[in-house]
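Worksheet: the structure to be examined is printed underneath.
Convention: sequence-line order gives letters A, B, ...; per-chain numbering from 1.
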There are 2 protein chains.
Amino acid sequence: MSAEAGRTTATLDAVARTAGVSRATASRALTGSPRVSDDARERVLAAAASLSYVPNAAARALVTRRSDAVAFVVCEQEERFFSDPFFASVLKGAHRVVAASRRQLVFAVVASEDDRARLVRFAAGGHVDAAIFLSVHAGETAPERLRERGVPVVLVGRPPAGVAEDVPRADTDNVAGARAAAEHVLGRGRRRLGVITGPLDMPSAEDRLEGVRRAVAAAGGVVGAPGGPAPAGEPSVAVVEGDYTTEGGRRAAAALLERVPGLDAVLAQNDLMAVGALGLLRERGIGVPDDVAVVGYDDIPLASAVGPALTTVHQPLEELGRESATLAVALAVGGAEEGRGGSVLRPRLVVRSSS
Amino acid sequence: MSAEAGRTTATLDAVARTAGVSRATASRALTGSPRVSDDARERVLAAAASLSYVPNAAARALVTRRSDAVAFVVCEQEERFFSDPFFASVLKGAHRVVAASRRQLVFAVVASEDDRARLVRFAAGGHVDAAIFLSVHAGETAPERLRERGVPVVLVGRPPAGVAEDVPRADTDNVAGARAAAEHVLGRGRRRLGVITGPLDMPSAEDRLEGVRRAVAAAGGVVGAPGGPAPAGEPSVAVVEGDYTTEGGRRAAAALLERVPGLDAVLAQNDLMAVGALGLLRERGIGVPDDVAVVGYDDIPLASAVGPALTTVHQPLEELGRESATLAVALAVGGAEEGRGGSVLRPRLVVRSSS
DNA sequence: TGGCACCGTGGAAGCGCTTCCACGCCGCCT
DNA sequence: AGGCGGCGTGGAAGCGCTTCCACGGTGCCA
């Protein structure tokens, strides 16, 4: 605003004049259109360089209706985003792909209604060409609000209640992963299982629980009958809802110990909670894996670093990020066309010493 | 593009027509100008709501020359960004402040020349109103390129060679922090110190090294004379350049052991390297702190979790983020006006069991 | 009661860019 | 040798918004 505002950035018009061509030709030369003579193109590029011309993004976006940016949205408290390496890994994969497509990755956290409104405004206002959503809880409205306004949306994970089923997504097979974990401990003779779930308004938590149920049912067991003495040899499962944090894992493990006499296996739905459980068990002098086996989920770096190294379900997190970003970029290019549904990656059990 | 493109998002014109006023009045009502009658304002807001109107960001930005977004730029390999909690903490603080100002935080990693070009284009093109730079190495050109084009820039940390001295910044007193660490080990009778620095093209590394030098000089010691037998009782310091990664810390620790007979203290310039050193010392059967004291820097969460809990220099990382974002927001509002220079926060030595 | 100030409003300009369209030129085919 | 197609180019429109400016209406003061 002040008088010094000066240093007016070069405009396309200035470039055109310097190069001795019309604005139309200059524009074509700069956007790489083939309908320009080599001569004109060269002069324009030279002029642009000499003026350190940077096109005005707003003006361009106004007419092209594209911004060449992709949003990466985490619907979670900042706290969780920054403490769970899960997000960093996915973000890393996504960033690679988005950068490779010469687009800018715009990162956003949606933790409050305020954040949500701001994000919708920002994204639907045309600042991004597509949005990738992570950690979507039931009832989250942002993805639908964006879709309504024509912004392509990609989910990491299965859509929860309140989000349309047909949203393109990148996912891993959570049922299979959790089932493998449960079968693993059952196979080692464990019979009194305790599951620490994630927030049950998240599909990942639901699905992982379902995986355990199937494994136990297949082994002739009972789910949700923690108290009563199950017939000898028949597996039983108790379920406690956690919140995907270390501290939540501690608390849940304490609850399980209290409720399940003879508890001999803890299946945590992510590694952070498993680490919390590990800590509590150590404090109580309970041996892992001698007394209780502990299995995590995700295979974050911490998993292989902790006390007894954690048996866990490895997820290809970076690939998940790459996959989702690839979808998002495709949608950004093609408008909200059919999004080929996305893909489902396979998790893999990694057995270490905690089980 | 396809036929279905339809669902044209509502424009200001549509809102104005629905409300029965002119576009000018509608605009004023929506931007909160006082020069609108209550009646008109209400009708416009109602119309906007009923049409789920979201202003076109590009059009608005084109005329206001503001985007209401702030960039957070980390000049570092993705790898480092995601593995060092340092960045997460600063980002967290910055995000808070930016969100509170009703702006969007745009996150970017600049690891290659390509990334740099893209960022400059993106930011100078008007997608952001200000940019916060972290981990700026000597010779980094992006901040200056943005400043030249009128985009306000804030640095976290002191500007390295190649970046103007007068860039507003948020910083901590690295000299004082490192000096405190060195005085601490000297005070406990350690005499043969080894310093593992960060990349020496970064001011933080330079300054921390300087802090150690001052402490040692004050104690009558010699710097950089590792080999020869120093006079008994006179402290000496050997310096090995690290890279702020755990693995780099391991390697540097090995180098120090080799070069410095009687090494009895390792001062690592960040916690990640200190953890690497800790690991190597353990492997070699060298006792910490009995044989060698180890001190880190940053006080990331890991520092208090590792083997012998790490003595380290606590930095107010979130505050650093908040501070830098506050500056950036102020600049975004005021144009590239004088940036009150920023502030220098005080680090604090935290003594744990590794020293 | 006439004039003035002020307030709310609408018309219109224009931000910087892309792209449609029309135009002139050259070279080729018939 | 005349006409036609195609290519490179420039003029001009217009993306959706904010804001300057001018204007009519009202209420107040003299």
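Rounded to 10 degrees, the angle separating the terminal axes of the helix from C/dT1-D/dA30 to C/dT30-D/dA1 is 50°, with each axis obtained from five end pairs.
The shortest non-hydrogen separation linking A/A170 to A/S324 is CB-N, 3.8 Å. Across all their heavy atoms, A/V153 and A/L146 have their closest contact at CG2-CB, 3.9 Å.
In this structure, CZ of A/R28 is placed 14 Å from P of D/dC7, rounded to the nearest angstrom.
Note: B/F81 and B/F87 have tilted aromatic rings, judged against thresholds of 30 and 60 degrees for the angle between ring planes.
Here A/S37 lies in heavy-atom contact (under 4.0 Å) with sugar-phosphate atoms only. Within 4.0 Å of A/R35, counting heavy atoms only, lies at least one base atom of the nucleic acid. Among the heavy atoms of the strands, none lies under 4.0 Å from A/A61. A/A58 comes within 4.0 angstrom of no nucleic acid atom, judged by non-hydrogen atoms across all strands.
The span of DNA chain C lying next to chain A, judged by atoms under 4.0 Å from heavy atoms, is bounded 5' to 3' by C/dG16 to C/dC20.
Using modelled atom types and a 3.5 Å distance limit, the side chains of B/R145 and B/T141 yield a donor-acceptor pair. Residues B/S33 and B/R35 bring no donor and acceptor atom of their side chains to less than 3.5 Å of each other.
Contacts classified as ring pair (Phe, Tyr, Trp, His ring centres under 6.0 Å) and involving residues 124-165 of chain B (residues at least two apart or in different chains) are given here: B/F122-B/H127.
Residue order along DNA chain C, read from the 5' end via each residue's closest nucleotide, puts B/D39 first among B/D39 and A/L12. Across the interface with DNA chain C, nearest-nucleotide mapping of B/G20 and B/V63 shows B/G20 to be the residue nearer the 5′ end.
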